[in-house]
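Worksheet: one structure, shown below.
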Amino acid sequence: MEGSLAESKPLFTRDSLLRLIVPLVIEQLLQMTVGMADTVMVTTAGEAAVSGVSLVDNINLLLIQVFAALSTGGAVVVAQYLGRRDEENAKLASEQLLGVTLLVSLVLMAVGLIFQQHILSLIFGQTEPAVMESALIYFLLTASAYPFIAIYNSGAAIFRAKGNSKVSMYCTLLVNLINISVNAILIYGFQMGAAGAGIGTLVSRIAAAAVVLFLLSRAEHGLHPKDFRHFRFHRSMIKSILLIGVPNGLENGMFQVGKLLVLNLITTFGTSAVAANAIANSIAGVVNVPGSALGLGLLTVVGQCMGASEPEQASRYTKSLLGVSYLCMGTLSLIQLFFAGFFVGLFHLTPEAMAMATELLQVCAIGNIFLWPVAFVLPNALRAAGDSIFTMAVSQCAMFLCRVGLSYLLACSWGLGLGLLGVWLAMIGDWVVRAAFFIPRYLRGSWKKRRVIQ
């Protein structure tokens, strides 16, 4: 095997990997800033507003994960065709991905707008009235953005599959600039609170979708406007996309369902606990940026390697990018561990909420250093090779046995009574289970024999 690899021309040079990964890191950081900007700027309207926004963001994440999962399926298929040098089928897969995600997003938007009151009451029924009022307003506006988010996610995934991550980086920068500008005008200037944050999100997502559609339609990107006008669903291509997208969608969707179940538990701890959890999640998310970016990069790298029938190169690149992930996340986690109090102090929280958020960040930092890359970066290599059913099964078991079940055991008064800290300890338990299954699966190498395209 080593001799075969030595004779094969590397599909990715160090420079090409840097051109792929660096924009992805910047993009992921900018995406974190979008959500964090809403949270930070709306804190001036009080804890009820920031709690309402954070609760709805969890529902939005659940639905957005569906688009992201379909985009992942499409990206893997496109990348594998590109690795095979089959431009026509790569183009066809790109068109089908856009069509499927747009259709799904329209259905989800309709459900969200029609049943918003019922959805929020079902999930967050015990929430204080002021928090629920802010949540309803924010949900109405952000649900209207689902089709635009779906279009952007699909377009960005197509460009990343081609190794061009600069497009999604620049689009995310545009989203940030528009979102922050509109937020500043409406939240600070007109004191619109959660409504201002929702409008900022909607306007910025519309702009991003418009830009990515324009770029995809340009001739040099291989997708002409006539392709949209004469679009037809292609059954076999959609099947290939769904073989990756559906398991990934179930995995991501149920992951968010589990988080919502846990969040329902957190709401019983009071508004301060909800606010502390929201702020801690926002800060901890920044540390995950390099890992998330490298995971996205693995989809392209491993996908193209598998399409080119070079599984050993896929394995080598996986090890390299996983090592980089540990280096980056380890460094940032140490900063989070020692400066957690300073970061929390940047937000307008009560002393009680500040103390809780600081403790959560310190515990999370330790888990990040040892577990996060193998729990969340490594499985992307398996998905890119087509081993998505296994990653889905492991993720579901880890989520519901640990993050949900263990949360209630550790946090509730009838259990150990650790409160919000117990929830975050259960989250780290989830990471332990994922790592315990993904590492042996990768080392055994059965994923190298998977086939997504024929």
Side-chain angles (χ1 to χ4, degrees), residues 11-12 17 20-21 24 65-101 104 150 153-165 168 216 222 234-253 292-311 313-315 317-318 321-322 376-395 438 441-442 446-454:
L11 294 176
F12 293 88
L17 287 174
L20 173 66
I21 299 299
L24 284 175
Q65 288 299 330
V66 176
F67 315 143
L70 290 173
S71 297
T72 296
V76 169
V77 174
V78 171
Q80 292 211 8
Y81 277 122
L82 289 173
R84 187 188 281 184
R85 302 292 188 267
D86 187 346
E87 295 285 343
E88 274 305 307
N89 276 316
K91 174 183 173 181
L92 179 60
S94 300
E95 296 169 1
Q96 297 302 302
L97 173 60
L98 283 166
V100 170
T101 52
V104 171
N153 279 356
S154 298
I158 292 167
F159 279 111
R160 284 194 293 265
K162 295 178 179 181
N164 183 352
S165 55
S168 55
L216 282 171
H234 192 283
R235 183 176 298 179
S236 62
M237 190 65 72
I238 291 176
K239 181 180 178 181
S240 295
I241 293 172
L242 295 181
L243 283 173
I244 304 295
V246 169
N248 196 36
L250 288 172
E251 176 185 339
N252 292 347
S292 298
L294 288 159
L296 287 173
L298 270 178
L299 291 174
T300 297
V301 173
V302 174
Q304 290 199 21
C305 287
M306 297 301 291
S309 299
E310 291 284 356
Q313 286 202 44
S315 180
Y317 288 127
T318 298
L321 294 179
L322 187 63
F376 294 99
V377 178
L378 182 60
N380 263 11
L382 302 178
R383 293 185 188 101
D387 200 8
S388 54
I389 294 179
F390 176 80
T391 61
M392 177 193 70
V394 171
S395 298
F438 290 146
R441 182 73 166 191
Y442 170 77
S446 58
W447 57 274
K448 297 178 184 178
K449 302 175 183 178
R450 298 277 174 175
R451 291 291 179 268
V452 173
I453 60 176
Q454 302 301 320

Shortest non-hydrogen contact between [X] and [Y], atoms and distance:
X: Leu298; Y: Ala384; result: O-CB, 4.0 Å
X: Lys448; Y: Pro311; result: CB-CB, 3.7 Å
X: Ala75; Y: Leu97; result: N-CD2, 4.5 Å
X: Thr391; Y: Phe438; result: CA-CE2, 3.7 Å
X: Gly83; Y: Ala308; result: O-CB, 3.4 Å
X: Val302; Y: Ala385; result: CG1-N, 4.2 Å

**Request:** Determine the sole option in Val76, Asp387, Leu299 for which the side chain to side chain contact (heavy atoms under 4.5 Å, CB included) test with Ile244 is passed.
**Result:** Val76
**Prompt:** In terms of the angle between their ring planes, are Trp447 and Tyr442 parallel, tilted or perpendicular, with boundaries placed at 30° and 60°?
**Reply:** parallel
Using 0.5 Å steps for rounding, measure from the [atom1] atom of [X] to the [atom2] atom of [Y].
X: Leu378; Y: Arg441; atom1: CG; atom2: CZ; answer: 11.5 Å
X: Ser168; Y: Ile158; atom1: OG; atom2: CD1; answer: 11.5 Å
X: Leu296; Y: Ser165; atom1: CG; atom2: OG; answer: 9.5 Å
X: Leu250; Y: Ser395; atom1: CG; atom2: OG; answer: 11.0 Å
X: Gln80; Y: Asn89; atom1: CD; atom2: CG; answer: 12.5 Å
X: Leu92; Y: His234; atom1: CG; atom2: NE2; answer: 5.0 Å

**Message:** Heavy-atom count check: over 12 atoms from other residues, nucleotides or ligands less than 6.0 Å from Leu243 CG?
**Reply:** yes
Under 4.5 Å between any side-chain heavy atoms of [X] and [Y], yes or no?
X: Leu242; Y: Leu70; answer: yes
X: Leu82; Y: Glu87; answer: yes
X: Val100; Y: Ile238; answer: yes
X: Glu251; Y: Asn248; answer: yes
X: Tyr81; Y: Met237; answer: yes

[X] side chain vs [Y] backbone, donor-acceptor pair below 3.5 Å:
X: Glu310; Y: Leu11; answer: no
X: Gln96; Y: Arg235; answer: no
X: Thr300; Y: Arg160; answer: yes
X: Tyr317; Y: Leu17; answer: no
X: Gln304; Y: Ala161; answer: yes

**Set of residues satisfying side-chain hydrogen bond (donor to acceptor under 3.5 Å, both in side chains) with respect to Lys239, sequence neighbours excluded** = none
**Request:** Sort and list the pairs that fulfil salt bridge (charged side-chain N to carboxylate O under 4.0 Å, His left out) and have at least one residue in residues 296-307, not counting sequence neighbours.
**Result:** none
